[in-house]
Amino acid sequence: IPMCVLNEVKGMKLNMKKIVGISFACFFLDQLIKYIINEVISLERSVSVIGDFFRITYVRNYGAAFNILSGNRLFLIAIACITLFIIYYFLIKDHVNSTLEQVGYGLFIGGILGNLWDRMIHGYVIDYLDFRIFQVHMPIFNYADICICFGVFLCVLALLKEEMVWKKLQSKKKVED
């Protein structure tokens with residue numbers, strides 16, 4: 001077996017270890033926070049952290065973001081599972097991802113798993129981060145949601161960075177020809 005193939009396989013295994021480690025850390029922290037919220041704050045109760053700007057408010061979300069698709073638990077579970085499969089099969093399996101992609105995928109997967117676990121175990125997602133910005137009450141969300149959003153942002157950033165590098169190489173190749 002050529003050494004370059006062995007190095008690539010080794011890189012893929014290290015790639016998976018990093019993504020799984022980040023995913024597990026996000027999932028664990030998400031579940032720990034939700035456990036604490038559930039134990040310390042009564043349902044629908046709110047605790048002020050920074051005046052009216054930021055509060056911890058324990059709510060149950062039976063839908064997705066902004067409570068859309070409320071009451072469609074099995075559909076949301078299926079979407080999460082399909083998304084996890086697509087991420088793994090098309091973007092991680094047999095790929096050596098950049099550090100930015102590894103962190104992005106790790107956050108994204110960890111966040112999906114955190115909310116998926118809630119839906120499967122409780123039938124709803126525990127949300128608690130409550131912001132009011134300029135008198136506008138934002139939808140209440142959780143740490144897993146932050147991981148999902150930030151993970152997607154990092155993956156898009158990695159894609160844009162890769163695109164810029166590719167374009168730079170193509171323009172350099174044209175100059176050489």
Side-chain angles (χ1 to χ4, degrees), residues 19 21-88 90-92 97-164:
I19 293 170
I22 293 167
S23 297
F24 177 76
C26 292
F27 172 79
F28 178 77
L29 185 57
D30 175 64
Q31 292 302 305
L32 178 63
I33 293 168
K34 289 173 179 174
Y35 173 80
I36 292 168
I37 295 297
N38 191 48
E39 292 298 311
V40 174
I41 300 175
S42 300
L43 183 61
E44 302 292 330
R45 295 291 179 190
S46 188
V47 176
S48 176
V49 178
I50 305 174
D52 281 338
F53 171 72
F54 174 50
R55 304 176 73 79
I56 301 292
T57 304
Y58 175 20
V59 295
R60 293 177 178 168
N61 183 347
Y62 292 90
F66 308 108
N67 213 20
I68 61 172
L69 300 173
S70 185
N72 290 292
R73 178 177 171 235
L74 293 179
F75 176 73
L76 292 170
I77 288 171
I79 291 296
C81 292
I82 291 167
T83 302
L84 290 170
F85 172 78
I86 289 170
I87 292 168
Y88 172 73
F90 292 106
L91 301 173
I92 297 173
N97 301 107
S98 70
T99 300
L100 199 56
E101 288 171 314
Q102 291 172 10
V103 173
Y105 292 141
L107 290 170
F108 190 38
I109 292 167
I112 290 172
L113 290 173
N115 286 340
L116 176 61
W117 181 264
D118 282 0
R119 276 195 187 89
M120 291 173 69
I121 299 301
H122 306 296
Y124 54 83
V125 171
I126 297 171
D127 285 335
Y128 50 86
L129 298 171
D130 186 3
F131 288 90
R132 286 183 177 83
I133 302 172
F134 302 115
Q135 305 302 322
V136 176
H137 189 208
M138 307 303 291
I140 301 170
F141 58 99
N142 62 41
Y143 176 74
D145 299 331
I146 294 170
C147 290
I148 292 168
C149 292
F150 196 57
V152 168
F153 173 76
L154 291 179
C155 289
V156 168
L157 196 63
L159 181 67
L160 293 173
K161 183 179 174 185
E162 190 177 301
E163 180 72 18
M164 287 176 20

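- To the nearest 0.5 Å, atoms CD1 (Ile126) and CD1 (Ile33) are separated by 11.5 Å.
- Across Gly123 and Arg73, no two heavy atoms sit closer than the pair CA-NE, 3.4 Å.
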Stepwise, does the side-chain contact (heavy atoms from CB on, under 4.5 Å) test hold for Leu69 with Ile79? CA-CA 12 Å; Leu69 300 173; Ile79 291 296; over 6 Å; no
Candidate pair Leu154 and Tyr105, rule side-chain contact (heavy atoms from CB on, under 4.5 Å), full reasoning: CA-CA 8 Å; Leu154 291 179; Tyr105 292 141; over 6 Å; no
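- One distance of note links CZ of Phe153 with CG of Leu107; it measures 12.0 Å at 0.5 Å rounding.
- Using a 3.5 Å distance cut-off with no hydrogens or angles, the side chains of Asn61 and Asn115 do not pair a donor with an acceptor.
- Ile87 places a side-chain heavy atom less than 4.5 Å from the side chain of Ile112.
- Note that the CG atom of Leu84 and the CD1 atom of Ile92 stand 9.0 Å from one another [nearest 0.5 Å].
- Annotation for Ser23 and Gly106: closest pair OG-O, 3.1 Å, computed over non-hydrogen atoms.
- Minimum heavy-atom separation, Ser48 to Gly51: OG-O, 2.7 Å.
- In terms of modelled atom types and a separation under 3.5 Å, the side chain of Asp130 and the main chain of Arg55 share no donor-acceptor contact.
- Within the 3.5 Å criterion, the main-chain N or O of Leu74 finds no donor-acceptor partner in the side chain of Arg119.
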Audit row: Lys34, Val125, side-chain contact (heavy atoms from CB on, under 4.5 Å) steps and yes/no: CA-CA 9 Å; Lys34 289 173 179 174; Val125 171; 4.2 Å; yes
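- The CZ atom of Phe24 lies 11.0 Å from the CG atom of Leu29; values are rounded to the nearest 0.5 Å.
- In terms of modelled atom types and a separation under 3.5 Å, the side chain of Arg45 and the main chain of Tyr58 share no donor-acceptor contact.
- Side-chain contact between Asp145 and Leu129: absent, with no pair of heavy atoms (C-beta onward) separated by less than 4.5 Å.
- At distances below 3.5 Å, not a single donor-acceptor pair connects side-chain atoms of Asp118 with backbone N or O atoms of Asp127.
- For the pair Leu76 and Gly63, the tightest heavy-atom approach, listed with the atom from each and the gap, is CD1-C, 3.5 Å.
- The closest donor-acceptor contact from the side chain of Tyr143 to the backbone of Cys26 lies at 3.5 Å or more, if one exists at all.
- A distance of 12.0 Å separates CD1 in Ile37 from CG in Leu43, rounded to the nearest 0.5 Å.
- Residues that satisfy the side chain to side chain donor-acceptor pair (under 3.5 Å) test with Tyr124, not counting sequence neighbours, are Arg60.
- In this structure, the separation between CZ on Phe150 and CZ on Phe108 is 14.5 Å, given to the nearest 0.5 Å.
- For Phe131, the CZ atom counts as densely surrounded, since its 6.0 Å shell holds more than 12 non-hydrogen atoms of other residues, nucleotides or ligands.
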Before giving the answer on side-chain contact (heavy atoms from CB on, under 4.5 Å), spell out for Ile133 and Phe53 the whole-Å C-alpha distance, their side-chain angles and the decisive distance to 0.1 Å. CA-CA 6 Å; Ile133 302 172; Phe53 171 72; 3.9 Å; yes
